[in-house]
Structures are given as C-alpha cells and as structure tokens.
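One structure follows; several queries about it will come next.
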Number of protein chains: 2
Amino acid sequence: MTKASDRAYDTIRAMILSGELSAGDALGEEALAERCGVSRTPIRDALRRLESDLLIRRTGTQRSFVSDWSLGDVGDAFELRAMLEGYAARRAAEAMTEDVLTQLRACNAAIGAAISGKKPDITTFLDRNREFHALVLDTAGSRRLTNLLTALIEQPVVWRTAHHYSHEAFQRSHSEHNDLLSAFERRDGAWAETVMAGHIRRAFHAYCDAHKGMTEGERGVA
Amino acid sequence: MTKASDRAYDTIRAMILSGELSAGDALGEEALAERCGVSRTPIRDALRRLESDLLIRRTGTQRSFVSDWSLGDVGDAFELRAMLEGYAARRAAEAMTEDVLTQLRACNAAIGAAISGKKPDITTFLDRNREFHALVLDTAGSRRLTNLLTALIEQPVVWRTAHHYSHEAFQRSHSEHNDLLSAFERRDGAWAETVMAGHIRRAFHAYCDAHKGMTEGERGVA
DNA sequence: CTTTCGCAAATTGTATACAATAAAGCCTTC
DNA sequence: GAAGGCTTTATTGTATACAATTTGCGAAAG
C-alpha cells in the first residue's frame, strides 16, 4: 500500500512482535502517530489491518489493545489452515496444469538446494515455500479461499519458527512437497488434501517443539 | 461503529446490492462522499469494510470497483461456509453446556413458531436463525474461526434468498436444527459436523433454485 | 497510422483542526 | 465510608486543505 500507512503498519507490528508492546497494552492513535512519525490518518488504516490480522483487539468504542494469544489460539490457527489449505490442495489437484506442475517442481527443487548444505539458507527456504503454497492457492482458483487463507498464513510468529528447525524438519517439509507433487501429477484431489493437511499439522508440532524451551521474549506474542 | 462511517457503509452496500451500481463500476471516494452526505474520511473506512466483505475490489493503486460475482463464486462461499461451520459445530458439540442447549432450543422453538403459520414471519426466521448459528459459533470458542466465518456469513445476497423459500424449505431448515440439537445433546461432534455441513449445502441449493427464474435486477450482484 | 512523450485532470494519500464522545477523577451527598 | 452524579480530560470521529500519484488525452515524431 502507501508509504506512510505501510511504515506505520510495519512499525506497530514489529513493536507488538518484539514484545516492546505486551498483551493488553492500550494503543492510542496519537501516541502511535508520534512514535511512527506520521499523522493519525495512516495510523487508523494500519490499525484496521492489524485488527483483521487479530494482532490487536478493539473495544466497543474503538479503543485498541494488543491481543493476547495463547498456545491454544495458535493451535486453532494451524488447524484452520490445515483444513482450508487441504481443501485448496484438493481443488488445485483437480485443476492442475502441466505449466503449474513445472513451476511447482522448480520451486521445490530450489527448496531442496537451499537446505541441502550444512547451513540451510532459511530466507530462500521461506521465500520458496511461500511461493509453493501461493501457487497451490492460485491454482485452486477461489478468491474467497485466497482471502481467508492469507489472513491465516500471514501469521508472523510462525515464520520465525523456521529458524529453529532441525535438519530433519527441513528435509521432511521438502519431502512432503514431493508427495504433494505426486498427488498433483495424478490429479488425485483426496490424496493432495490429506498430504497438505498433514504437512500443516506437522508444521504446528514443529512450532510447538521449537517453542518449548524458548524464553518469553523470543516467543514474541505471549 | 460510528454514525457517519456506518451510514456510508450501509448506503454503498445497498447501492451495490440493489443494482444501482453494477459490477465493474468505479467507486470514486469523492463521488461516494457526496452521495452519502459525508466527507471522504468515513468513506475510506467504509471502503475498507466493503473490501474485506469482497463486495468491492481494489487495484494496486487503491482504486475501487464493484466486484463481479459468478454463481461459481457464490458456490465457493457456501462450500467454505459448510466446511468451517461444520467444524464449528463439531467443536461446539464437544464444548456444549446445558445453558447453551437451553438457549438453542428456545431459538429453534421461535423459528418453528415463526414459520408455522400460512404466512411465515421471515424477519423473525432470519434473526433467530442468525442467533442460532451465532450461538454455535460462540460455543466453538475460536476467535480465529469466528473471524473467518463472519466474513462468509455476512454475504448479503444470501439473506434475500429466504424470501423465496418454500414452506417445505423452512420446515427442513427447522428440522435440521433439531438434528443439530440432538447431536449437541449427545456431544457427538462428528454427527454435528455432518449435519451442519449438509444444512449449509442444502441452503446453497435452495439459493440456486430460488435464483433460477429471477431477473438480473432481483438477483442483485451478477 | 501507430507509438511515444509529456502535460493536465482526476484520484488517492496525508496532515491538521475541530467536534463528539467516552473514560476518569473529584466532589457532593447519604 | 461508599455511591452517585458532575466536571474535566483524554481519545476517537469527522471535515477540509494540500501533497503525491496515477490516469488519460493529445500532440508530435517516426
């Protein structure tokens, strides 16, 4: 979107995720405006976006507070993602074309290369992983579905988790993508759906494992 | 929310649904401001809401247009609703309390009364139906899920459909709610899920039937 | 006739001032 | 000492002015 509005959104989001603002803190528009170096107008836009991300919560009189997230809430998000992204995989399998297959294969090959070394290239992994899932979502061809899922995938807490993945976790993710490709090649929607759902669920448990020993600060939102 | 912002939202929404604005039409902020009798500021808020409702679409440079909805898109929305609201019913069944059960029974009794006469009280039916589904959603106890589903349930096109329901369609809906109550009483999550999914799917076909012979104008969004 | 460059008009983004409203503190009263 | 209402203060809602950007038209060159 626009410059100031984006800066405000990113700044506030970073403040929430870094723990600079903790759960329950009040977010006054004027204070945020001063903090971000912009006026209240773009702040209001940013707050709308953060609200739809569920990173902030608003009272009946539109006062804003930082949301508090329990592990159960994160689990909810993953479960919904598993369901919706599984459905997306099913639809994608049924609408799969050779062209998209080629792109998906290239994508996963890049993922394989990024994690093959001793020190995995996490940025490339995340980018290509995102691209892979976006391709599937596009192929599913439902604007509604895309709309719902982006809100779930944009969960910023989740992306940081990859930095704590083990070598095996990366390999498993890569291998599951290959399974998905097999399902897509056969146009087997049911298979694709179950593989994708399992893929997301495994990611949730990887998240749980990675956060078991983490401190409050590292974990981001409490 | 606030007065002017709400008025703007309702006015624009009504213009889209009534066909006064047709699919693809450009929505200039200034023109809308004049039309709604408010300034551009609340219009911008309203456009955000309409965008998240998918009633309008925005280009990369934030220009707004009325969304065009095909029957397939509406079908998508119903399918997603069936999946998510089915999941909500499952969770609700597992977390069901006697208190909520009592409220649900009262709700469905009111629905039964509203449609028992020769001339059904459609407003009461819609209100109580909405209340019934909202209770289930609350009992499911997932903010994420509530967030996702409200966007789908708020589909305004759907509500008008009830005005074309047959007597049998109302009775079936009422009866399916009773089935749901049975599933809830037994805390049978799987049963509740399948009943709810079927309930929504039936509603979709009722929608299709009702719109078969309708003119473009009556149908609202194309 | 087509294409491209540039200017003008329209549209959205941002800032600021002011109005309306809700939260909070204080005083009064029982 | 507690409770209720009033005043004060803080916060959000709205309007308007201005800046930045985009779009579309038109003229000139190939």
Side-chain angles (χ1 to χ4, degrees), chain A residues 1-16 20-68 143 147 150-151 154, chain B residues 1-16 20-68 143 147 150-151 154:
Chain A
M1 199 185 297
T2 66
K3 206 164 51 188
S5 177
D6 267 344
R7 266 213 333 256
Y9 176 78
D10 291 340
T11 304
I12 299 171
R13 183 158 122 163
M15 285 196 290
I16 294 175
E20 185 174 343
L21 295 169
S22 27
D25 280 3
L27 298 171
E29 293 180 0
E30 198 149 7
L32 292 173
E34 192 175 355
R35 178 71 179 73
C36 299
V38 297
S39 88
R40 272 179 54 211
T41 311
I43 294 287
R44 286 168 67 67
D45 277 6
L47 287 179
R48 294 259 170 192
R49 290 165 68 183
L50 292 164
E51 185 188 5
S52 77
D53 291 348
L54 291 189
L55 279 173
I56 71 171
R57 160 181 63 87
R58 304 188 85 157
T59 70
T61 58
Q62 296 303 104
R63 275 170 170 71
S64 308
F65 299 88
V66 178
S67 287
D68 50 334
R143 278 189 296 178
N147 204 50
T150 44
E154 277 297 318
Chain B
M1 196 185 298
T2 67
K3 206 162 52 184
S5 178
D6 267 344
R7 265 211 335 254
Y9 176 77
D10 291 339
T11 303
I12 300 171
R13 183 159 124 162
M15 285 198 290
I16 293 175
E20 186 175 344
L21 295 169
S22 26
D25 281 3
L27 297 171
E29 292 179 0
E30 198 149 7
L32 291 173
E34 193 175 354
R35 179 71 177 75
C36 298
V38 297
S39 89
R40 273 178 52 211
T41 311
I43 294 288
R44 286 170 65 73
D45 277 6
L47 288 179
R48 295 257 171 199
R49 291 164 68 182
L50 291 164
E51 184 188 6
S52 77
D53 290 348
L54 290 190
L55 279 173
I56 71 171
R57 161 181 61 89
R58 304 188 86 159
T59 70
T61 58
Q62 295 303 104
R63 275 167 170 72
S64 308
F65 299 88
V66 178
S67 287
D68 50 334
R143 279 188 295 180
N147 204 48
T150 44
E154 277 298 317

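To find a chain, count down the sequence lines: A is the first, B the second, and so on, and within it residues start at 1.
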Specify the residue among Thr59(A) and Gly37(A) whose closest nucleotide of DNA chain C lies further upstream toward the 5′ end.
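Final value for this comparison: Gly37(A).
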Could I get the full list of side-chain hydrogen bond (donor to acceptor under 3.5 Å, both in side chains) partners for Arg63(B), not counting sequence neighbours?
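side-chain hydrogen bond (donor to acceptor under 3.5 Å, both in side chains) list for Arg63(B), sorted by chain: empty.
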Under 3.5 Å, is there an N or O donor on one side and an acceptor on the other linking the side chain of Thr41(B) and the base of dA15(D)?
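Yes, the side chain and the base share a sub-3.5 Å donor-acceptor pair.
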d(CG, Leu47(A); P, dT14(C)) in whole Å:
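Interatomic distance, CG of Leu47(A) to P of dT14(C): 14 Å.
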Which nucleotide in the set dA23(C), dA15(D), dT14(C) lies at the smallest distance from any side-chain heavy atom of Arg63(A)?
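Of the candidates, dA23(C) comes closest.
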Return the value, rounded to whole Å, for the distance between atom CD of Glu51(A) and atom P of dT12(D).
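Going from Glu51(A) (CD) to dT12(D) (P), I get 13 Å.
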Check salt bridge (Lys or Arg N to Asp or Glu O under 4.0 Å) between Arg57(B) and all other residues, then give those that pass, not counting sequence neighbours.
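By the salt bridge (Lys or Arg N to Asp or Glu O under 4.0 Å) rule, Arg57(B) matches no residue at all.
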Proximity to the side chain of Gln62(B) - top-ranked nucleotide from dT12(C), dT14(D), dG13(D)
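Ranking dT12(C), dT14(D), dG13(D) by closest atom to the Gln62(B) side chain puts dT12(C) first.
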Ile43(A) CD1 to dT12(D) P: how many Å, rounded?
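Rounded to whole Å, this separation is 11 Å.
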Are any of the side-chain nitrogens in Asp6(B) or Arg13(B) under 4.0 Å away from the carboxylate oxygens of its partner?
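Judged by the 4.0 Å cut-off on N to carboxylate O distance, Asp6(B) and Arg13(B) do not form a salt bridge.
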Asp45(B) CG to dG13(D) P, straight-line distance once rounded to whole Å:
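To the nearest whole Å, that distance equals 8 Å.
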Within less than 4.0 Å of OP1 or OP2 of dG13(D), is there a side-chain N or O belonging to Arg44(A)?
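Answer is yes, contact under 4.0 Å.
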Please report, to 0.1 Å, the donor-acceptor pairs under 3.5 Å made by any side chain of residues 20-27 of chain A, with sequence neighbours excluded.
from: Glu20(A); atom 1: OE2; to: Arg35(A); atom 2: NH2; distance (Å): 3.2
from: Asp25(A); atom 1: OD2; to: Ser22(A); atom 2: N; distance (Å): 3.1

For residues Leu50(B) and Tyr9(B), determine if any side-chain heavy atom of one lies less than 4.5 Å from a side-chain heavy atom of the other.
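SC-SC contact between Leu50(B) and Tyr9(B) confirmed.
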Measure CZ/Arg7(B) against P/dG13(D) and give the value in whole Å, please.
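Whole-Å distance recorded here is 16 Å.
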If you check every side-chain atom of Thr61(A), which of dA23(C), dG13(D), dT22(D) has the closest atom?
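Minimum distance to the Thr61(A) side chain belongs to dA23(C).
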Residues forming a side chain to side chain contact (heavy atoms under 4.5 Å, CB included) with Glu30(A), sequence neighbours excluded:
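Testing Glu30(A) for side chain to side chain contact (heavy atoms under 4.5 Å, CB included), a comparison that skips the adjacent residues, returns none.
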Return the residues of residues 28-36 of chain B meeting this criterion: a heavy atom under 4.0 Å from some atom of DNA chain D. Order them by number, or give none.
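Nucleic-acid contacts, sorted: none.
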Picking from dA17(D), dT14(D), dA15(C), which would you name as closest to the side chain of Arg40(B)?
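Closest nucleotide to the Arg40(B) side chain: dA17(D).
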By the 4.0 Å heavy-atom rule, please label Leu27(B) as base, sugar-phosphate, or nothing.
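Touches sugar-phosphate only.
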With Glu34(A) via side chain to side chain contact (heavy atoms under 4.5 Å, CB included) - residues at least two apart
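Per chain and number, Glu34(A) pairs via side chain to side chain contact (heavy atoms under 4.5 Å, CB included) with no residue.
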